[in-house]
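Structure first, then comments.
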Amino acid sequence: MRGQRSLLLGPARLCLRLLLLLGYRRRCPPLLRGLVQRWRYGKVCLRSLLYNSFGGSDTAVDAAFEPVYWLVDNVIRWFGVGRNDIATVSICKKCIYPKPARTHHCSICNRCVLKMDHHCPWLNNCVGHYNHRYFFSFCFFMTLGCVYCSYGSWDLFREAYAAIEKMKQLDKNKLQAVANQTYHQTPPPTFSFRERMTHKSLVYLWFLCSSVALALGALTVWHAVLISRGETSIERHINKKERRRLQAKGRVFRNPYNYGCLDNWKVFLGVDTGRHWLTRVLLPSSHLPHGNGMSWEPPPWVTAHSASVMAV
Ligand SMILES: [Zn+2]
Ligand SMILES: [Zn+2]
């Protein structure tokens with residue numbers, strides 16, 4: 001196959017070189033000269049796309065597919081599919097479909113996810129607009145449960161640990177005694193099998209509980225920080241990059257989805273009134289999040305609050 005290709009490419013290259021040579025010496029007709037010029041121009045364009053020092057292969061693919069995106073976007077609108085007033089920021093290269101703000105494509109789920117935070121391997125699902133609150137509540141209450149269990153069973157753990165140490169010592173003493181004396185039969189064990197297993201299980205459970213409390217606690221704290229800032233895990237990277245870029249230009253970056261720490265939490269948890277802290281946060285609730293995940297207007301009370309602050 002490679003041999004056949006080189007057989008075809010060889011003469012083609014030779015012809016082009018001849019044409020270029022002719023073009024240089026101006027012995028060819030204007031039509032040929034025009035062809036040669038177009039070929040050179042095309043080559044420069046292609047090289048600038050592929051070997052641009054400011055971009056990689058992604059930039060080249062983006063630039064090459066730009067007409068396709070434009071066409072698909074217009075054809076979709078023409079047929080009335082997905083015709084709405086939602087402002088889209090880009091087009092997903094994988095789904096070939098307009099992508100609203102804060103939406104990202106998940107390569108594992110193979111679809112676009114509204115306000116995507118991350119793909120959770122433990123849940124085997126994406127954490128996004130509609131399940132972000134459930135994810136955070138799960139992490140938070142699970143951490144509280146583990147801390148409660150670890151703290152509550154601290155005395156039990158210490159007793160079990162001491163018993164295991166005692167078991168080890170007794171076994172050691174017994175082995176020494178057996179080595180010095182002669183028995184006609186094996187001496188009975190100091191602790192029964194059930195007692196040994198109970199103590200070991202208690203120690204294992206305490207370590208498991210504490211490890212989960214630490215790991216999940218760290219994850220919960222990290223997500224709490226992100227929610228307070230009004231950004232997702234993905235947006236944190238994007239915003240960080242943008243902040244640095246604007247800082248270099250002497251400008252300040254402002255996150256448009258940050259309404260202030262308390263308001264961010266209220267929007268995230270869906271708290272509209274004071275009573276909701278009990279009914280929607282502490283107690284299990286199936287209420288939907290603010291907005292549809294496509295457009296990002298803040299709730300009216302946030303806008304009113306901001307307006308009053310502005311007026312002051
Ligand atoms: Zn997509
Ligand atoms: Zn996913």
Closest non-hydrogen atom pair, [X] against [Y]:
X    : Y    : value
Y130 : G291 : OH-O, 4.5 Å
F135 : C120 : CE1-SG, 4.3 Å
H287 : G270 : NE2-CA, 3.9 Å
C106 : V113 : CB-CG2, 4.2 Å
C126 : H119 : SG-ND1, 3.6 Å
N264 : S228 : ND2-O, 2.7 Å

Quick check against the 3.5 Å criterion: does [X] have a side-chain atom that pairs as donor or acceptor with the backbone of [Y]?
X    : Y    : answer
H276 : T273 : yes
S192 : E195 : yes
W296 : A101 : yes
D171 : K168 : no

Just how far is it from atom [atom1] of [X] to atom [atom2] of [Y], taken to the nearest 0.5 Å?
X    : Y    : atom1 : atom2 : result
H290 : R133 : NE2   : CZ    : 10.5 Å
H104 : K99  : NE2   : NZ    : 6.5 Å
L216 : W122 : CG    : CH2   : 10.0 Å
F253 : I238 : CZ    : CD1   : 9.0 Å
L278 : S285 : CG    : OG    : 10.5 Å
R229 : N239 : CZ    : CG    : 9.5 Å

Between [Y] and [X], is there a side-chain heavy-atom distance shorter than 4.5 Å?
X    : Y    : answer
V44  : R40  : no
N258 : E231 : no
H223 : H132 : yes
D272 : R280 : yes
V127 : F136 : no
K249 : R245 : yes
Y134 : P284 : no
V203 : F157 : yes

Would you say [X] and [Y] are hydrophobically clustered, going by side-chain heavy atoms of ILVMFWY under 4.5 Å?
X    : Y    : result
V221 : Y148 : no
V267 : L269 : no
F140 : L219 : no
F193 : L170 : no
M167 : W206 : yes

*Evaluation steps, side chain to side chain contact (heavy atoms under 4.5 Å, CB included), between M116 and T232*: CA-CA 7 Å; M116 183 180 167; T232 61; over 6 Å; no

*asked:* A quick test of your reading: do over 12 heavy atoms of other residues, nucleotides or ligands sit less than 6.0 Å from OH of Y257?
replied: yes

*Kindly check if the number of other-residue, nucleotide or ligand heavy atoms within 6.0 Å of OH (Y204) is above 12?*
no

*Evaluate side chain to side chain contact (heavy atoms under 4.5 Å, CB included) for R244 paired with K240, printing each intermediate quantity in order.*
CA-CA 6 Å; R244 275 189 195 158; K240 202 175 164 187; 3.6 Å; yes

*Evaluate the side chain to side chain contact (heavy atoms under 4.5 Å, CB included) criterion for residues R38 and L35: first the C-alpha distance (whole Å), next the side-chain angles of each, then the deciding distance (0.1 Å), finally the verdict.*
CA-CA 5 Å; R38 279 195 177 88; L35 271 173; 5.6 Å; no

*Any idea how F268 and W265 line up, ring-wise: parallel (<30°), tilted (30 to 60°), or perpendicular (>60°)?*
perpendicular

*Let me see the working for R236 and W222 under side chain to side chain contact (heavy atoms under 4.5 Å, CB included), right down to the final yes or no.*
CA-CA 11 Å; R236 182 190 157 260; W222 174 238; 3.1 Å; yes

